[in-house]
Amino acid sequence: MPLLDVDNLTIAYHTRSGPVTAVENVSFRLERGKFLGIVGESGCGKTTIGMSLLGLLPENGFVREGRILFEGSDLLALSQKELQAFRWKKISMIFQAAMNALNPVHRVGDQIIEAIRIHNPEFSEERIQKEIKELYDLVDIPEQRIFDYPHQYSGGMKQRAVIAMALSCRPDLVIADEPTTALDVIVQDQIIRKIKDIQRQRGIAGIFISHDIGVVAEACQDIMVMYRGKIVEQGKREEVFVAPVHPYTIALLSSHLTIDGVFDFHADKPEVACDFSPDFFAGVCGYAESCSRAEAQCFTAPPKWREITPTHKALCRLCGQND
Amino acid sequence: MNLKSLLLRRSIEILVVFGIIMTGLFLLFHAAPGDPISMMVDLTMTPEDVERMVAQLGLDQPIWIQYLYYIKNFFTGNFGTSFHYGRPVIEIISERLPNTILLFTTATILAAMAGVWLGKIIAWYKGKAIDTWTTIFALVCNTLFLPWISLLFIWFFAYWVGWFPLSGMMTPEIWVNPEAGFFAKAVDVLHHMLLPLLTLFIVNTGSYLLIMRSSMLETIKEDYILTARAKGLSEKQVRNRHAAPNALLPVVTSVGLSLAFSVNGGALTETVFSWPGIGRELIFAVSNSDYPLAMASFLFIALVVLVANLIVDILYAYLDPRISY
Ligand SMILES: Nc1ncnc2c1ncn2[C@@H]1O[C@H](COP(=O)(O)OP(=O)(O)OP(=O)(O)O)[C@@H](O)[C@H]1O
Ligand SMILES: [Mg+2]
């Protein structure tokens with residue numbers, strides 16, 4: 001049984017102009033100890049997926065369709081109480097805006113201890129002290145800084161503290177939503193390495209959300225490329241990054257020539273803006289307008305899933321054909 | 001955070017501000033219409049008597065000498081004699097000021113606690129009927145004209161139902177009775193105080209509730225609230241441990257401001273309820289050209305407001321660890 005099995009997930013937001021679909025027909029599986037990377041431009045629904053796994057969609061967000069199975073049990077069927085016990089204990093999250101994820105009026109250590117205490121009421125005071133010291137050790141923050149306030153931390157330290165917090169209840173799965181966006185490249189690199197180390201040491205699974213392909217390529221075995229709320233290509237890292245088939249993936253990678261110089265694409269640059277208009281769900285390919293290979297059919301008929309290998313597929317009627 | 005240096009800095013600021021207020025008052029009273037001497041002169045006095053009195057009061061000295069005397073007198077607690085009461089001003093002030101402080105700090109503290117508590121809970125039910133109705137009620141309370149509601153309460157609770165005394169702060173019989181113990185006196189004051197307290201409480205609670213509610217609604221949007229939920233905290237824990245402490249900060253500031261206000265506006269309340277406080281005394285002194293009393297009342301009200309703000313500053317620094325000095 002996979003650790004996480006997301007099946008045909010469709011999520012929408014109520015807005016003034018009616019419900020708007022933000023994530024459509026997303027399916028993926030994640031095994032224990034594995035890292036899955038989700039890449040795609042801003043607004044394509046990455047955070048929305050992450051939030052839905054914790055049952056933390058904004059008030060106006062709702063799951064329209066689909067199932068989320070965690071260790072075989074249906075997350076969407078949990079009661080509020082069960083959900084509270086589940087959060088952080090099973091799945092924790094490193095939020096996109098980690099800089100603001102810490103409450104300014106409480107000491108950082110206390111905020112981490114709070115999580116440990118809630119999920120492990122049986123822990124003694126010594127045990128908790130031991131845990132927090134271990135966590136700080138793990139993320140390389142000196143012990144004497146444990147009980148500082150967030151504003152006394154540097155950006156990188158806050159980021160690491162947030163990672164420590166995410167690991168504090170020894171979850172099975174950590175979702176890292178752009179964990180390094182606000183940091184400079186050097187610190188970014190340290191943090192990524194740290195996350196990889198921790199993954200190896202603790203054997204946790206992870207979902208790594210980023211629009212930075214370099215980061216995802218380094219940390220994840222499985223990759224999912226999203227465009228406008230849909231998965232357009234998914235597969236193993238070697239498949240998606242070395243032999244991409246979807247025109248959008250190719251375009252995305254070509255704008256990231258830095259990855260070890262392995263990739264050499266001559267495709268067009270992707271459209272960066274991603275304005276959601278409900279009509280992209282009308283059944284035609286959402287990428288057709290920006291696609292250099294688009295044919296007449298692409299504008300009239302829905303795209304089709306093409307299987308390149310058993311683990312590698314793409315949502316494009318042209319892929320896997322005529323080559 | 002270093003509390004000592006905060007205290008020191010704020011105290012110096014207060015001294016400077018108070019000095020400015022003192023000087024302003026001096027100049028104001030100096031330029032005030034109506035000659036204080038004419039108030040004291042009576043028909044039996046000869047012009048020589050009057051001259052002697054002027055000299056006694058130092059009014060024939062140059063203005064800066066008068067100013068120095070004024071400062072010196074303040075620090076020696078010598079505010080002169082009230083024209084009206086014929087008693088030292090300091091005596092009158094030290095009788096009245098505690099009454100004002102008693103009524104208004106009690107009202108402010110109670111109203112702040114109730115408003116914060118209600119606002120915190122109401123914000124969590126945003127959009128529900130309970131929120132809508134409480135908010136409307138708070139708005140109404142907040143916009144009520146204080147003297148009007150005071151009179152209404154007096155008419156209803158004191159006159160109609162007869163639960164409370166009509167006015168004043170104590171029942172003379174109890175206070176002249178040598179057998180009445182401390183407890184009986186305290187109960188008597190409390191009995192007199194309840195109605196003005198209730199009036200102030202209702203009006204102030206409304207405004208604190210509204211501030212706390214909107215501050216909570218802003219705080220709820222913060223990322224750390226999402227973190228708290230994600231950690232698996234219950235809604236109540238998220239509200240009480242993570243939202244409320246942050247939402248409290250703007251309320252504390254506004255308590256400081258409204259304390260200053262309530263001592264001013266308090267004059268009106270005190271007058272309506274015949275509460276023997278310093279606000280009522282100030283109005284009385286000004287309308288009777290009792291210059292020494294008016295001047296001292298102004299100074300002490302200013303001092304109380306400044307000290308209240310100092311306390312609020314310290315409280316704020318205590319609540320918000322980001323404040324450093
Ligand atoms: N609360 C909301 N109400 C309405 N629409 C929303 C809400 N939150 C997100 N959306 C919309 O849903 C879509 C997906 O948003 P999401 O935050 O998941 O994107 P993302 O992939 O995480 O983007 P980014 O890389 O910028 O973080 C966007 O079009 C966004 O405008
Ligand atoms: Mg996002």
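So you know, we letter chains A, B, ... as the sequences are listed, proteins then strands, and number each from 1.
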Enquirer: Does B:Y125 OH have over 12 foreign heavy atoms under 6.0 Å away?
Expert: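 Atom OH in B:Y125 is not crowded, with 12 or fewer foreign heavy atoms closer than 6.0 Å.
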Enquirer: Who among A:P104, A:P150, A:A115, A:A166 has the most heavy-atom pairs with chain B under 4.5 Å?
Expert: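 Maximum pair count with chain B is reached by A:P104.
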Enquirer: Tell me whether the count of non-hydrogen atoms from other residues, nucleotides or ligands lying under 6.0 Å of NZ in B:K120 goes above 12.
Expert: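 Counting neighbours around NZ of B:K120, more than 12 heavy atoms of other residues, nucleotides or ligands fall under 6.0 Å, so yes.
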Enquirer: Using 0.5 Å steps for rounding, measure from the OG atom of B:S234 to the NZ atom of A:K81.
Expert: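 Reported to 0.5 Å precision, the distance equals 7.5 Å.
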Enquirer: Using non-hydrogen atoms and a 4.5 Å limit, figure out which bit of B:I225 sits close to chain A: side chain, backbone, both or neither.
Expert: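 When you check distances to chain A, no heavy atom of B:I225 falls under 4.5 Å.
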Enquirer: Do B:L233 and A:Q84 have side chains that get closer than 4.5 Å, going by heavy atoms?
Expert: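 Heavy-atom side-chain distance check fails, nothing below 4.5 Å.
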Enquirer: Answer with side chain, backbone, both or neither: which region of A:L102 has an atom nearer than 4.5 Å to a non-hydrogen atom of chain B?
Expert: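 For A:L102, the contact with chain B is made by the backbone alone.
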Enquirer: How close do B:T227 and A:F95 get, heavy atom to heavy atom, and via which atoms?
Expert: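 Answer, listing the atom of B:T227 first, then A:F95: CA-CE1, 3.7 Å.
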Enquirer: With a 6.0 Å cut-off (strictly less than), is the heavy-atom count around CD of A:E59, excluding the residue itself, greater than 12?
Expert: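 Result for CD/A:E59: open.
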Enquirer: If you count heavy atoms of other groups shown closer than 6.0 angstrom to NZ of B:K126, is the number above 12?
Expert: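 Count not over threshold, so no.
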Enquirer: Heavy-atom count check: over 12 atoms from other residues, nucleotides or ligands less than 6.0 Å from B:R241 CZ?
Expert: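 Check passes, neighbour count above 12.
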Enquirer: How close do B:P245 and A:H106 get, counting heavy atoms only, and between which atoms?
Expert: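 That would be CG-NE2, 4.3 Å.
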Enquirer: Could you pull out the closest heavy-atom pair between A:W88 and B:A230, with the gap in Å?
Expert: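 Nearest pair, atom of A:W88 first, then B:A230: CE3-O, 3.2 Å.
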Enquirer: Do other residues, nucleotides or ligands put more than 12 heavy atoms under 6.0 Å from B:I314 CD1?
Expert: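 Atom CD1 in B:I314 is crowded, with more than 12 foreign heavy atoms closer than 6.0 Å.
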Enquirer: Distance-only, no hydrogens or angles: does the A:N103 side chain make a donor-acceptor pair with backbone N or O of B:Y224 under 3.5 Å?
Expert: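 Side chain of A:N103 to backbone of B:Y224: no pair is present.
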Enquirer: Within a strict 4.5 Å, meaning less than it, do heavy atoms of the A:E114 and B:K231 side chains meet?
Expert: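 Sidechains of B:K231 and A:E114: in contact.
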Enquirer: For the residue pair A:V105 and B:H242, establish whether any side-chain heavy-atom pair is separated by less than 4.5 Å.
Expert: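 No, side chains not in contact.
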Enquirer: Between B:L226 and A:M51, does a side-chain contact (heavy atoms from CB on, under 4.5 Å) hold up when you go through it step by step?
Expert: CA-CA 10 Å; B:L226 187 65; A:M51 291 298 181; 3.3 Å; yes
Enquirer: Answer whether the closest heavy-atom distance between the side chains of A:I118 and B:Q237 falls below 4.5 Å.
Expert: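 Counting from C-beta outward, A:I118 and B:Q237 do come under 4.5 Å.
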Enquirer: Does atom OH of A:Y153 have more than 12 heavy-atom neighbours, drawn from other residues, nucleotides or ligands, at distances under 6.0 Å?
Expert: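 Enclosed.
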Enquirer: Side chain, backbone, both or neither: which part of A:Q111 has a heavy atom under 4.5 Å from chain B?
Expert: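 It is both, since atoms from each part get that close.
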